[in-house]
There are 2 protein chains.
Amino acid sequence: MSRDRAYHHGDLRAALIAASFELLAEGGLRRFSVAAVARRLGVSSAAPYRHFPDRDHLLSAVSGAAATDLRAAILEAAVAAGPPAPDGPGATDPVAAGSAPAGPAAAAAADRLAAVAGAYFRYVVATGAGFHVIYAPELYAVADENRREQTRALMDTLLDLATATDVPSYRQAVPLVEAIIAVAHGYTSLFADGFFARGGPQAVETVAVRATEAARALIRAEHRP
Amino acid sequence: MSRDRAYHHGDLRAALIAASFELLAEGGLRRFSVAAVARRLGVSSAAPYRHFPDRDHLLSAVSGAAATDLRAAILEAAVAAGPPAPDGPGATDPVAAGSAPAGPAAAAAADRLAAVAGAYFRYVVATGAGFHVIYAPELYAVADENRREQTRALMDTLLDLATATDVPSYRQAVPLVEAIIAVAHGYTSLFADGFFARGGPQAVETVAVRATEAARALIRAEHRP
DNA sequence: GTCTATACTGCGATAGAC
DNA sequence: GTCTATCGCAGTATAGAC
C-alpha cells in the first residue's frame, strides 16, 4: 500500500499496482483497465506491458497484494477484538486445556472471528479489492506463484480463526468461514452499489458494525443448531 | 420471461429484454452490451435503439422486469415455507390477536422471511439479475416509472415479510431486511465467481439451503439480542 | 421498424525508435 | 525502460435508405 508516486524512473511495477488499487477504490473492477492505470501514472499505454505480459497478469499481482493486505487487516482486527488463545490460532485440538466447551476462551474466539467481517468490509470499502477481485474468474488461468501463496495464506488464516471457536471439527470450519465471508461480502457489495447511501459520511462505520454483528449471529448459530 | 423468439416483426422490445436476461445469466453484467443482445436476436446493432434511447434505458427495463420476477419468486417461496398470517403480510401491528409475542405465528413468519434468502439465491443464479443489476448505479439517472414502481413493490414486500415476524418496530425491519439481502447476495456473488465450484452440479441447492439457514440465524439474532 | 453504413471512443497489444 | 505510432477489435450511437 505504499504510495510514493515515483513512477518515472522509479519502481513502475509497484506504482502500477498502487494505481490499480486507486482505480478499484474509485470505480470498481468495471472501470479497471491497463490504459487507465497508465494514464493515471502519466506513462504511455505501452509502458505497463514491460512489467506485465497482459491485463490479467497485472490484475493477478493486484490480487496477490490485496490478499496480503487483507490478511494483515484481518489479523489486526482479530487481535484488537480480543487476545488470541495461548496456543495460538493454529491449534486444531477442540479440547482446550482446562476450559469448558463453551467457555470464555471460545467466546473470545467468536469475537475475533466476528471481527473478520468488519475488517473485510472496511478494507474493501477503502480499496475496492475484495474477493471478487482476489478470486476473479479471469485469474484462474494465470500462473502467479505469489498470488497462489497469498490467497492460500488468507484462507488458512480464516480457517484458523474459525477453528479456534469451539466448532466441533475442521470440516465445519469451512462452511462457517464461507458464511462469514458471504455476509461481509454481501454488505460490501450492496454498499458499493449505493444501497446504504442515505446514511451519510459515517455510514461506513455503521455498516461495518452491522456486518460484524451479523457475523456474530452466524457464529452463534453454528454452535447451537 | 416469455421466450417466443419472435424478433423479426414481433415484439422486439420484449425480445430484447428476454435476451438481456439470457446474457446476464451467462456472463453477468460484465458481458452485457446492446450489441451482444442484438447479435443474439439476429437483428442489426441499430435496431435496439428504436425501442430504447440508450444502453441504460434497456438495462433499466431489465431491472424493472427483474424486480417484478424476483418479487414473484420471493412471494412464492414465502408461501411455500408456511401459510401467511390470517391478516396477511401487510399487517404492521406487532400484537397478533391471541398469540404470544414469540408464538408459533412468529415462528412461521420467520420461516417465510428466511425463505427469501433461498429464493433470492436461486433466482439470481438462474437469471444473473440480482440487486447489483436491479439497483445498478448507472440507473440512478434513468427516468423509468415502471422500474421505480417495481423496485418499490419489491422492497415493500420484503419489509412486510420482516414486519410479520415479531420484530418490535417497523424501524427494525429495515436493517433486518438489509441483513437478509446482504447474506443472500453474498452467497450469490461468491457462487457466481466460482467460489463453491467444487460442489458439483447439485451445488446450487446446497448453497441455497445454506443461505436460507444463515438468514434464519440472522432473524433469530434480531429477536434475541 | 428494421436495415446498411458509418463516425467515434476506448481498450488490448505489438513494433520499432531512442 | 519508456517513448511514439499503430493495428485490431468491440461497443455506443447516429444518418439515411428501404
Side-chain angles (χ1 to χ4, degrees), chain A residues 4-24 26-63 128 133 136-144, chain B residues 4-24 26-63 128 133 136-144:
Chain A
D4 281 337
R5 266 308 153 79
Y7 40 94
H8 253 221
H9 283 279
D11 190 349
L12 180 57
R13 193 194 142 93
L16 287 165
I17 294 172
S20 297
F21 271 97
E22 293 178 12
L23 256 164
L24 288 172
E26 291 165 19
L29 249 189
R30 299 267 312 174
R31 290 213 234 273
F32 170 83
S33 74
V34 178
V37 175
R39 211 179 300 128
R40 172 168 296 244
L41 290 175
V43 297
S44 77
S45 65
Y49 291 95
R50 289 286 139 184
H51 299 273
F52 300 98
D54 57 32
R55 180 202 136 105
D56 286 351
H57 279 78
L58 170 55
L59 198 58
S60 181
V62 173
S63 165
V133 171
E138 58 257 49
L139 300 183
Y140 272 62
V142 178
D144 180 340
Chain B
D4 281 338
R5 270 307 153 79
Y7 41 97
H8 254 219
H9 284 279
D11 190 349
L12 180 57
R13 194 194 141 91
L16 288 166
I17 294 172
S20 296
F21 271 98
E22 293 179 11
L23 258 166
L24 288 173
E26 292 164 19
L29 249 189
R30 299 270 309 177
R31 290 214 234 273
F32 170 82
S33 74
V34 178
V37 174
R39 212 179 300 128
R40 171 167 297 243
L41 290 176
V43 298
S44 77
S45 66
Y49 291 94
R50 288 288 140 184
H51 298 272
F52 300 99
D54 56 31
R55 179 203 138 105
D56 286 350
H57 279 77
L58 169 54
L59 198 57
S60 181
V62 173
S63 166
V133 171
E138 59 256 49
L139 300 184
Y140 272 62
V142 178
D144 179 342

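Letters A, B, ... are given to chains in the order of the sequence lines, protein chains preceding strands, and every chain is numbered from 1.
In this structure, the nucleotide among dT4(C), dT2(C), dT4(D) sitting nearest to the side chain of His51(B) is dT2(C). Picking from dA13(D), dC3(D), dT2(C) the nucleotide with the shortest atom distance to the side chain of Ala47(B) gives dT2(C).
Rounded to an integer number of Å, the gap from CG of Leu12(B) to C1' of dC3(C) is 13 Å. One can place CG of Leu58(A) at 10 Å from P of dG12(C), the figure rounded to the nearest angstrom. For the pair Leu16(A) CG and dT2(D) C1', the computed distance is 12 Å after rounding to whole Å. At whole-Å resolution of the value, CG in Asp54(B) and C1' in dT9(C) are 16 Å apart. As a whole-Å value, the separation of Phe52(A) CZ from dT2(D) C1' is 16 Å. If you take CG of Leu41(A) and C1' of dC3(D), they are 15 Å apart, rounded to a whole angstrom. Atom OH in Tyr49(A) sits about 17 Å away from atom P in dC7(D), given to the nearest Å.
Taken residue by residue, residues 27-39 of chain A places no heavy atom nearer than 4.0 Å to DNA chain D.
Note on Arg55(B): only backbone sugar-phosphate atoms sit closer than 4.0 angstrom, heavy atoms only; bases stay farther off.
Nearest heavy-atom pair across Ser63(B) and Leu139(B) is CB-CD1, 3.7 Å.
Ser20(B) places a side-chain N or O within 3.5 Å of a backbone atom of Leu16(B) that can act as its donor or acceptor partner.
Not counting sequence neighbours, the partners of His57(B) by the side chain to side chain contact (heavy atoms under 4.5 Å, CB included) test are Phe52(B), Pro53(B), Asp54(B), Val142(B).
Interatomic distance, Leu12(A) CG to His51(A) NE2, rounded to the nearest 0.5 Å: 4.0 Å. Here Asp56(A) contributes atom CG and Asp144(A) contributes atom CG; the two are 11.0 Å apart, rounded to the nearest 0.5 Å. How far OH of Tyr49(A) is from CZ of Arg55(A): 9.0 Å, rounded to the nearest 0.5 Å.
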Do any side-chain atoms of residues 30-39 of chain B form donor-acceptor pairs under 3.5 angstrom with protein atoms, and if so which ones, sequence neighbours left out?
| residue | atom | partner | partner atom | Å |
| --- | --- | --- | --- | --- |
| Arg30(B) | NH1 | Leu29(A) | O | 3.3 |
| Ser33(B) | OG | Ala36(B) | N | 3.0 |

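Of the two residues contacting DNA chain D, namely Arg50(B) and Asp56(B), the nearest-nucleotide position lying further toward the 5' end is that of Asp56(B).
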